[in-house]
Amino acid sequence: MTRTKLYVGIYVVLFAFATVQALVEFAGFLESAYWEAFAAIMVLSAIKAVLVAAYYQHLRWEPRSVSYLVAGGLVAATALTGAAAFSIL
Amino acid sequence: MSSHEHGLPPKSSISRWFLTTNHKDVGILYIVTALFFLVFGGVLALLFRIELWEPGAQVLSELSYNQSVSAHGLLMVFWFISPFAFGFANYVVPLQMGAEDLAFPRLNALSYWLYLFSGLLFGVSFFQGSTFAGGWTMYAPLNVPAYIPDGALGATTAVLALVMFVASVTVSSVNFLTTMYRMRAEGLRMRDLPIFSVSILLTVWMMLFAFAALLAALMILSADHIIGTKYFVYQITQSGAVTRTVGNEAASLLWAHLFWFFGHPEVYIVFFPALGVMAETFQTFAGRRLVGRKWFILSMVLVALQSFMVWMHHMFLTNINLTIKTVFMATTIGISLPFDLMMFSLIYTLIKGKVRFKTPFLFTLGSVILFIVGGITGVFLGAVVLDYQFRGTYWVVAHFHYVMVGGATALFGGLYYWYPKMTGKMYDEFLGKVNFAMYFVGFNLLYFPMFVAWETPRRVFEYEAGLTVWHQIATIGGLLLGASFLVMFYNLFVSLWRGADAGDTPWEYATSAEWAVSSPPPMDNFPGLPSYRDGSLSFLSESAVAARLRGDGTASTDGGDPTADGGVATGTALDTATETHLETEDVEHADHASIWPFAVGLGAFLTMLGLSGVQQGTIVGTEYAALLGVGGVVTFGSLVAMTREPFHAPEAALAERFPYADVEKLKLGMWVFLASDVVLFGAFIGSHAFIRVAHGWREWHNLIPAEHVTMPGLINTYLLLTSSFLVVLAMVAAKKGSRRGTVLSLVGTLALGIGFLVNKALEWQHLFHVHSEAFPQGWDLSTNVASSTFYLTTGLHGAHVAVGLVICAYMTIRAWNGAYQGDPDAIEYFGLYWHFVDIVWLFLFPLFYIL
Ligand code: HEM
Ligand SMILES: [Cu+2]
């Protein structure tokens with residue numbers, strides 16, 4: 001039962017964060033301070049992703065090795081994106 | 001007799017090969033099919049070698065030449081080498097690790113059929129005008145229809161064939177990883193795996209991530225062909241005028257990044273199995289354990305990791321910045337170091353042992369020599385300065401043939417090595433040696449002159465007249481190399497009848513477990529449950545397993561008693577369990593037959609062929625529409641049938657499962673698949689980011705109409721988040737045994753998912769038809785590169801949602817009929833997928849709607 005409450009709580013947080021992300025735009029922060037707003041929005045997305053993965057996909061309660069597996073994919077994708085973008089800066 | 005074959009027809013019957021899911025059968029299918037593609041690619045090579053007898057185009061037309069060169073490369077790299085190696089992997093790895101089969105036997109058969117049909121599809125492309133002719137690296141922009149003469153039909157088919165091939169590889173990677181982590185014999189720790197299995201394990205790890213990047217590249221390329229996106233096209237304006245200011249400044253660099261991010265790991269994917277065969281046979285024929293085995297394995301692990309950090313050495317001649325070139329030059333030099341270690345270990349093993357020069361060993365020894373030549377010449381290319389000279393010349397051609405075909409040489413050694421195991425017969429040793437001599441001489445005659453004539457430009461039939469003699473030597477070498485295969489095929493074919501009986505093992509010092517069973521091994525592989533707990537291989541009877549599970553079975557996690565390195569299987573313990581064979585068989589009745597993998601492969605083949613007839617959004621003929629329709633129905637129908645078919649693939653009661661002991665096999669399979677999907681989406685998002693950086697991150701807005709607003713994205717975020725939450729509730733309800741709750745939650749998920757897609761469709765409709773000053777014709781897939789990335793990336797996500805909804809609908813019906821109560825695993829696994837799709841959207845939303 002308490003698990004269910006936890007799931008509800010996370011749902012609320014996810015909902016709120018998504019709204020905040022949109023509000024950042026509606027409030028015009030992207031015009032005044034683009035890169036700060038960019039960072040804030042991406043961090044919010046990252047937090048949401050971690051919450052979904054940790055609780056809805058219950059990685060928190062799985063052996064660590066499962067998280068490493070996913071992290072492997074994440075590192076590969078990030079390396080590709082980062083290095084490729086850097087190569088043309 | 002037929003009871004021994006578990007419902008499969010005997011091997012002499014054709015239908016067996018369509019039905020089988022057994023790893024040994026599938027292995028043989030892979031090997032035979034790969035050899036077929038070797039001949040296919042080889043004949044093409046001989047064609048253009050003959051063309052190169054003199055400079056200029058005499059025999060082949062220009063376009064035929066380009067087609068032969070491109071198809072040869074694609075066939076050899078994709079449809080021959082890796083599948084050939086995976087034939088052995090299929091056959092040998094389960095035996096070496098003590099498993100009865102792979103974790104998902106039907107998916108294994110599916111991998112095979114996707115592979116075969118993808119190759120046939122590639123073959124069909126020759127008959128659609130012309131096949132792809134832009135080189136095996138498929139560099140942009142010559143890979144898009146605008147730059148393909150005479151229509152792109154065949155080229156599109158070739159790309160789709162590759163997509164299908166990658167699907168096969170992905171399924172297979174998931175299968176092998178799950179198998180190798182969940183099904184090792186008791187007491188066989190990861191580090192105790194025989195060296196060939198270790199090499200395959202590392203290969204599939206690389207495959208899992210590298211091929212996902214290739215899949216992204218190929219899907220994007222297919223989209224450019226089929227629906228008219230503009231990823232790899234330079235010039236696009238509203239009026240069709242040529243300009244480089246609107247849109248995509250870095251189209252060809254994007255392809256190069258995606259392709260080589262896959263491509264460099266690919267060379268190790270190709271090479272590692274060969275390395276495994278080398279090490280395996282060096283041990284057997286030197287009668288000695290591999291010297292420095294631990295360091296050998298460590299080197300392989302290092303190389304596997306490093307292989308993802310060197311890809312830009314293929315881009316030294318592009319305008320990427322000097323900093324990054326320098327970095328990648330350093331990493332490239334770094335990756336050759338572990339290889340030195342491995343080579344020394346192999347050579348030292350020979351020195352310390354007593355060598356027997358049997359055919360398999362001759363091939364693997366030859367392979368090491370060729371590889372060393374290839375490796376050294378690669379280091380030249382790894383230096384930026386030298387590469388400025390060598391790039392695009394025959395030096396590169398010679399280099400990679402020495403390494404790649406050098407690797408294949410070891411695999412041919414593997415064919416001779418395991419032939420007695422697979423057939424129960426010995427090949428003819430004399431003919432084997434003749435084969436090797438012809439092969440080795442032919443190889444060097446063919447490829448060494450290419451170093452000498454290195455100034456020849458690559459992929460072109462013109463060269464300086466002074467180099468003619470070298471090319472003629474090479475052509476003669478090519479013919480000799482080709483002839484050596486006739487000897488091989490003759491030998492192996494005739495020996496099926498005339499060969500001497502091989503017994504359990506013809507190799508005195510072979511130690512891995514495949515040699516401890518009969519040749520060929522029985523359907524279930526082992527006369528009892530394999531165990532290494534006592535330091536060597538033994539087979540446990542039913543009662544022994546039961547006893548162990550009851551009392552002293554707790555030591556079965558990793559870190560149990562150390563066994564002899566390399567899982568040494570002595571024959572001593574064999575007799576203990578033979579008499580319990582029948583008993584085991586009756587209890588653990590595993591299924592081995594299913595026609596549906598074949599049917600899915602066929603359906604996919606028809607679908608893809610139909611799809612090739614869609615060019616830039618219009619279908620070129622009704623026959624293609626018909627193919628598309630029939631193919632879709634066959635594929636979907638067979639997938640459903642496969643899901644509904646009862647198929648039992650039991651897991652052994654005792655097994656080594658570190659580090660995934662607590663992750664059930666289906667769940668592990670799902671996670672492995674998701675990890676590759678992370679890379680797929682990562683590469684899509686990365687492509688978007690790359691194009692945007694190239695264009696100017698903040699100027700991007702000029703490519704997007706004002707009508708593209710945040711709201712639809714936000715609504716969809718809410719819908720998807722809520723649906724994710726409902727899947728969690730469905731699982732909770734199923735756990736509690738509430739049918740009503742389960743059904744309601746699933747229906748909710750379904751409704752929200754449909755809502756998501758409908759909302760998206762409305763949004764797209766609106767954007768397609770905007771009429772603004774900047775976008776008078778609307779903003780559709782082909783308008784510019786921003787619209788392309790938007791529609792394609794969110795479209796891929798939408799496709800994931802749609803697939804999820806189909807599964808969800810199926811589960812809703814089952815839940816309605818009372819399934820899953822108290823047993824929510826299936827819902828949980830579906831949830832893993834659904835939440836993943838949710839997570840992806842959490843990034844797409846800001847990237848495409850806010851920033
Ligand atoms: C010591 C290890 C190696 C080094 C330092 C190395 C380095 C390089 C470099 C720098 C290139 C790019 C040359 C150019 O296009 O100008 C290249 C090309 C190539 N290498 Fe290697 N390589 C090594 C091992 C291998 C292995 C093991 C394989 C395959 C089994 C391989 C297969 C290839 C292929 C296929 C190409 C040509 C790609 C194309 O079509 O453009 N290399 N190598
Ligand atoms: Cu490379």
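This is a predicted model, so every value here is computed, not measured. Note on naming: letters A, B, ... go to the chains in the order of the sequence lines (proteins, then strands), and numbering restarts at 1 for each one.
Distance CG/B:Leu721 to CG/A:Leu14: 5.5 Å, rounded to 0.5 Å.
Nearest heavy atoms, B:Trp311 versus A:Ala83: CH2-CB, 3.6 Å. Looking at every heavy atom in both residues, B:Pro846 comes nearest to A:Ser45 through CG-OG, 3.3 Å.
For A:Ala53, the parts lying near chain B are the backbone and the side chain together; criterion is any non-hydrogen pair under 4.5 Å. Residue A:Thr78: no heavy atom, backbone or side chain, is found under 4.5 Å from chain B. Heavy atoms of A:Val8 lying under 4.5 Å from chain B belong to its backbone as well as its side chain. Within the 4.5 angstrom heavy-atom criterion, atoms from both the backbone and the side chain of A:Leu89 approach chain B. Looking at A:Trp61, there are no atoms closer than 4.5 Å to chain B (heavy atoms on both sides), in backbone or side chain. Both the backbone and the side chain of A:Leu80 come within less than 4.5 Å of a heavy atom of chain B.
Inter-residue side-chain proximity for A:Thr81 and B:Ile685 is flagged as unmet; no heavy-atom pair is nearer than 4.5 Å. Using a 4.5 Å cut-off on side-chain heavy atoms (C-beta onward), A:Phe15 and B:Phe725 make no contact. Two residues are said to be in side-chain contact when any heavy atoms from C-beta on lie closer than 4.5 Å; A:Phe26 and B:Thr710 meet this criterion. Contact of the A:Thr19 side chain with the B:Tyr718 side chain is registered, since non-hydrogen atoms from C-beta on lie closer than 4.5 Å. Using a 4.5 Å cut-off on side-chain heavy atoms (C-beta onward), B:Tyr660 and A:Glu62 make no contact. Inter-residue side-chain proximity for A:Tyr7 and B:Leu729 is flagged as unmet; no heavy-atom pair is nearer than 4.5 Å. Taking 4.5 Å as the limit, every side-chain heavy atom of A:Val24 sits out of range of all side-chain heavy atoms of B:Ile850. Contact of the A:Gln57 side chain with the B:Ile839 side chain is registered, since non-hydrogen atoms from C-beta on lie closer than 4.5 Å.
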Checklist entry - Passes side-chain hydrogen bond (donor to acceptor under 3.5 Å, both in side chains), B:Ser724 versus A:Tyr11? Steps please. => result CA-CA 9 Å; B:Ser724 247; A:Tyr11 174 65; over 6 Å; no
Item to check | A:Gln21/B:Thr717 under side-chain contact (heavy atoms from CB on, under 4.5 Å): CA gap, chis, key distance, verdict | outcome: CA-CA 11 Å; A:Gln21 286 179 314; B:Thr717 308; 5.9 Å; no
